[in-house]
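I have placed the structure first, in the form of structure tokens, so that the comments after it can refer back to it.
Along the sequence shown, residues carry numbers from 1.
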Amino acid sequence: MIKNHGSKTAINTAEKSISYAELIAGIHYFAGLFTVTKAARVIVFSENRFGYILAFYSAWQNGAIAVPVDFMASTQEVTYIIKDCQPEVVFCSKDRLEVMLKALDAAQSNAQLLIIDEHETPALAFTSQKEFREVEKESTAVLIYTSGTTGSPKGVMLSFVNLLQNIDAVSN
């Protein structure tokens, strides 16, 4: 997953720089907020921010499949994705909360809802020496929904191997 390079900068945001140690501890903090069954779906519905990264990687740390949802998606689109993927957990920013609450209600979902904004600051203060769990490289890592230009969006399952091949393709 992510190698710990200690105090070296892993992420730069408008507000601050975040070290690898802070990033890894933050992922463990977010992963501690929920438990899921193996290969459960975890939706992340937020604008780009530090907490988005923590939520996304925490899904993998807990053995789940990350399901990123475009932060500009409509209530109808989010409802469709919730009904289709049946998430056990949903991470959402406060800015997108109204849309998510309406979508969860419309989908009649009882997924655990976690508000990213409430956990970003405590995550930065968290320390952890835990290791990341080993992943099965052939297992599904992410479920990405297409734009649905020819009908309803389709969930595209990508394995960890697929992601690594994509990284290799763009970095060589």
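By the criterion of side-chain heavy atoms lying less than 4.5 angstrom apart, applied directly or through intervening Ile, Leu, Val, Met, Phe, Trp or Tyr residues, V90 is not grouped with Y57; the two fall into different hydrophobic clusters. Under a hydrophobic-cluster definition in which Ile, Leu, Val, Met, Phe, Trp and Tyr are linked whenever side-chain heavy atoms come within less than 4.5 Å, directly or via other members, L114 and M100 are assigned to different clusters. I116 and V99 fall into different hydrophobic clusters, defined by Ile, Leu, Val, Met, Phe, Trp and Tyr side-chain heavy atoms under 4.5 Å apart, directly or through other members. Neither V161 nor L163 shares a network with the other; the hydrophobic side chains, linked directly or stepwise wherever heavy atoms of I, L, V, M, F, W or Y lie under 4.5 Å apart, form separate groups for each. When hydrophobic clusters are built by joining Ile, Leu, Val, Met, Phe, Trp and Tyr residues whose side-chain heavy atoms come closer than 4.5 Å, directly or via intermediates, F45 is not grouped with V156.
Note: I115 CD1 to L33 CG = 11.5 Å, rounded to the nearest 0.5 Å. For the atom pair CG (N166) and OG (S171), the distance works out to 10.5 Å, reported to the nearest 0.5 Å. Rounding to the nearest 0.5 angstrom, the gap separating the OG atom in S19 from the CD1 atom in I11 is 9.5 Å. Taking CG of L54 as the start and NE2 of H28 as the end, the distance is 11.0 Å to the nearest 0.5 Å.
Within the structure, no pair that satisfies the salt bridge (charged side-chain N to carboxylate O under 4.0 Å, His left out) test touches residues 75-88, not counting sequence neighbours. The salt bridge (charged side-chain N to carboxylate O under 4.0 Å, His left out) contacts involving residues 55-75 comprise nothing, where partners must be two or more places apart or lie in separate chains. Within the structure, salt bridge (charged side-chain N to carboxylate O under 4.0 Å, His left out) pairs that include any residue of residues 96-110 comprise E98-K102 (at least two apart or interchain). Note on residues 40-49: pairs passing side chain to side chain donor-acceptor pair (under 3.5 Å), not counting sequence neighbours, are E47-R49, E47-S93, R49-D117, R49-E120. Pairs of residues two or more places apart, or lying in two chains, that qualify as ring-ring contact (aromatic ring centres under 6.0 Å, His included) and include a residue from residues 96-126 are Y29-F126. Residue pairs meeting the salt bridge (charged side-chain N to carboxylate O under 4.0 Å, His left out) criterion with at least one member in residues 50-69, sequence neighbours excluded, do not occur. Sorted by first and then second residue, the ring-ring contact (aromatic ring centres under 6.0 Å, His included) pairs with a member in residues 151-172 read W60-F160; sequence neighbours excluded.
With T79 contributing its side chain and A107 its backbone, the two residues share no donor-acceptor pair below 3.5 Å. Judged by distance alone, with hydrogens and angles left aside, the side-chain atoms of N62 form a donor-acceptor pair with the main-chain N or O of A31 at under 3.5 Å. Of the possible donor and acceptor atoms, one in the side chain of N162 sits under 3.5 Å from a partner among the backbone N and O of S159. The main-chain N or O of V142 is never found under 3.5 Å from a side-chain atom of T140 such that the two would form a donor-acceptor pair.
Residues satisfying the side chain to side chain contact (heavy atoms under 4.5 Å, CB included) test with L101, not counting sequence neighbours, are L97, L113. Applying the ring pair (Phe, Tyr, Trp, His ring centres under 6.0 Å) test to F71 and every residue at least two apart in sequence or in another chain returns nothing. Under the rule for a ring pair (Phe, Tyr, Trp, His ring centres under 6.0 Å), the partners of F30 that lie at least two apart in sequence or sit in another chain are F91. Every residue two or more places apart in sequence or in another chain that forms a side chain to side chain donor-acceptor pair (under 3.5 Å) with N12 is listed here: S17.
Each of I82, I43, V42 was evaluated against V67; a single residue qualifies, I43, per the side chain to side chain contact (heavy atoms under 4.5 Å, CB included) test. Just one residue in the list L124, I53, T9 forms a side chain to side chain contact (heavy atoms under 4.5 Å, CB included) with L23, and that residue is I53.
K16 NZ: more than 12 foreign heavy atoms inside a 6.0 Å radius.
In the hydrophobic clustering, where aliphatic and aromatic side chains (Ile, Leu, Val, Met, Phe, Trp, Tyr) are joined below 4.5 Å either directly or transitively, L164 stands alone.
When all heavy atoms of V89 and V36 are compared, the pair lying nearest together is CG2-CG1, 3.6 Å. Residue P153 comes nearest to Y80 through the heavy atom pair O-OH, 3.0 Å, listed as atom of the first residue, atom of the second, then distance. Scanning all heavy atoms of the two residues, the minimum distance from E136 to K38 falls at OE2-NZ, 3.1 Å.
Between V69 and Y145, the closest side-chain pair of non-hydrogen atoms is not below 4.5 Å.
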